[in-house]
Each structure stands twice: as C-alpha cells, then as structure tokens.
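Remarks on the structure that follows.
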Protein chains: 2
Amino acid sequence: MNLAIGELSRRTEVKVPTIRYYEQIGLLPAAPRSEGGQRRYGPDEVKRLNFIRHARELGFEIDDIRHLLDLTARPQDSCHEADSIARRHLADIERRIAELTALRNELSRMVSECGHGRICECRIVEVIADHGQCRHGH
Amino acid sequence: MNLAIGELSRRTEVKVPTIRYYEQIGLLPAAPRSEGGQRRYGPDEVKRLNFIRHARELGFEIDDIRHLLDLTARPQDSCHEADSIARRHLADIERRIAELTALRNELSRMVSECGHGRICECRIVEVIADHGQCRHGH
DNA sequence: CCTTGAACCTCTAGTCACTAGAGATCGTAG
DNA sequence: CTACGATCTCTAGTGACTAGAGGTTCAAGG
C-alpha cells in the first residue's frame, strides 16, 4: 500500500487540498515523497485521517482532535482527558442547541405574524427594529 | 444629537471597531466628520445600527441584513421579500438544530458508554476511530 | 493658554477551517 | 514519446469580526 494523495482522498472522503492543509498545520505528519516529489501514504495515514474526519463530523475542533490523537498514541493512559474533551464538546453543542431553539421560536413567531402586507406594517421588520424594547429587554 | 462613535457604541451595544467595520463594508453610510476628522452620528444611525444588531442577534447574515435594510427604505412595497428572507433563515436554523441534535445524541451516548478506564479501551476514542464502519455506514 | 489623558483615527494582520485558482511538474497508459 | 490527468507550491479569499501599533483629536482641569 503506497497511496497517492488522490487515492487517500477517495478512501477517506477528505478532499485533496484539505489533506495538504492538515499536513501544513501538523495534524498529519509530513508524508514521504516519490522520486518526483509527490506524497505517498500508507495504512496508518488512512486510519489517522479517518479518525480526523469522524471527529470533524462530530464537530470537534482541530485542537481537540490534535489532543485526542495525542491520547491515542498513549493507549495505556487513563481516558479521563478524552472523556473531558467529549463532555466539554457535548456541553457546547447543548448550549448551541438551546440558543438556536430560542431563535427558532422567535423567528417562527415573527413569520407567523406577518400579514403579507406592506413593509411599513410588516411584523418581521417591526420586530427586528424594536427587538430590544418590546419583549426582551436584554 | 451629534454622537461620537463611542457614544453610539454605548447606545447600541455594538463595539466601536464593529461600527467602523460596518461602515467599511457599506452596511452603515460613511458618517460625516468633525473638524478633526472624527465620525459624528445622528438618530438615524442609532436606529439603523440597532436594527442591524437585532438582526445579527436573530442570526441573519450581513447580506440578508443589507437586503432587509434596503426593504425598510421602501416602506410601501410588499413585505413578501422580508417574509421569504425570514423563512429561509428559519429553515436554515431548523436544519442546524436537527444536525446538532443528531450530534448531541451520538456524543451523549459515547460519553455515557465511557468506562473511565484506559485509552485503548475507551468507547469515545473507539467510536471516533470506527465511526464509518460500525453503526452508520455513511 | 496649556496640559493631560481618554477617545478617536488608519492600517495591517489574525481568527477558523478550509476553498479556489494560477502556473508548473509528475506519472502512466497508449 | 506523447498526452493528459494528477500532483506540486504558492497566494489569496471566505464571514464577521477582533487585536494591536502608532499617531491625532477632544474636552476638562489648572
């Protein structure tokens, strides 16, 4: 197994420029090169890049992933840190869900109150303009 | 009323550099200047900037806000466009909530399955590494 | 009138995680 | 040996700001 970057890309579903970007920021090690200077990859890189992609899909930030990858290099250590990274991330997502849910409720009320008339009497525009005064006071 | 930028900032709770940034991208008109070259603002700018802030709090993008502001300049027009901007935004937020909720469920299951042992047997690390194969197949 | 110091000015660069494009070189099938 | 797709490096752009350097203006107190 001695894969070119395009083949690695196909197997991991990570785009070629993204792979190069990950190398540039040190998330992937600098790949060995062919005689002509093209990157060549082995099975470890496939695994590592798959890990990165899955973690990104789960919404982890690059720095968290860096940390998680460091941890997997020390498999006998306690998984306490991995656990706390994941818990922190979970709390962050829950906070974002709460924020977005509040927004959704507000927007959905606005949209339902719109009488489809003219701008000057539109509840949507009105609510945005008066937001701070009328209902919330934040 | 002839406000300096700091006073405008205080009244609208928009930071000074952000106000300058909004001017730079054309979201706020170029403010008239004092003799020494400092920006001075009147009541219209307070209103406009409040509108911008409220719209940002509701998660609208700058381009949408630009559009909404254009609409408020033509108050006799139909509010059809405002309505569709708001609906599109609402749909977008609902999609993001759905995505985040799916993430939350997955993360929360991962975290609850972690036995607080060693990395090599940690469900969190394992799930990230095997994500594609084990349960989803996407 | 003069000084002080907070507030203001412009300009550049950094954030995050990529993405796009230009222009050149490599690898391989026919 | 030639074509041509894949690869290379490098720079710049995205969105919506934020941070900092280095200089100027304004208003109040002495």
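Predicted model only: the values in this text are computed from it and were never measured. Residue numbers start from 1 in every chain, and the chains themselves are labelled A, B, ... in the order their sequence lines are given, proteins ahead of strands.
- Within the structure, ring-ring contact (aromatic ring centres under 6.0 Å, His included) contacts touching residues 58-81 of chain B (residues at least two apart or in different chains) are Phe60(B)-His89(B).
- Between the CD1 atom of Ile5(B) and the C1' atom of dC8(C) there is a distance of 8 Å, rounded to whole Å.
- With sequence neighbours left out, Glu23(B) forms a salt bridge (Lys or Arg N to Asp or Glu O under 4.0 Å) with Arg33(B), Arg39(B).
- For the side-chain hydrogen bond (donor to acceptor under 3.5 Å, both in side chains) test, no residue two or more places apart in sequence or in another chain qualifies with Asp70(A).
- With sequence neighbours left out, the salt bridge (Lys or Arg N to Asp or Glu O under 4.0 Å) criterion links Asp44(B) to no other residue.
- Rounded to a whole Å, the CD atom of Glu23(A) is 13 Å from the C1' atom of dT7(D).
- Residues from residues 31-45 of chain B that place a heavy atom under 4.0 Å from any atom of DNA chain C, listed by number: Arg33(B), Gly37(B), Gln38(B), Arg39(B).
- Evaluation of the ring-ring contact (aromatic ring centres under 6.0 Å, His included) rule for Tyr22(B) yields no partner, not counting sequence neighbours.
- In this view, Arg87(B) and Asp83(B) satisfy the salt bridge (Lys or Arg N to Asp or Glu O under 4.0 Å) rule, not counting sequence neighbours.
- For Glu126(B), the salt bridge (Lys or Arg N to Asp or Glu O under 4.0 Å) partners at least two apart in sequence or on another chain are Arg123(B).
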Sugar-phosphate means primed atoms, P, OP1 and OP2; the rest is base. With that split, encode nucleotides 11-22 of chain C 5' to 3' as B, S or - using protein heavy atoms under 4.0 Å.
------BBS---
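- A distance of 4.5 Å separates CG of Leu71(B) from CD1 of Ile119(A), quoted to the nearest 0.5 Å.
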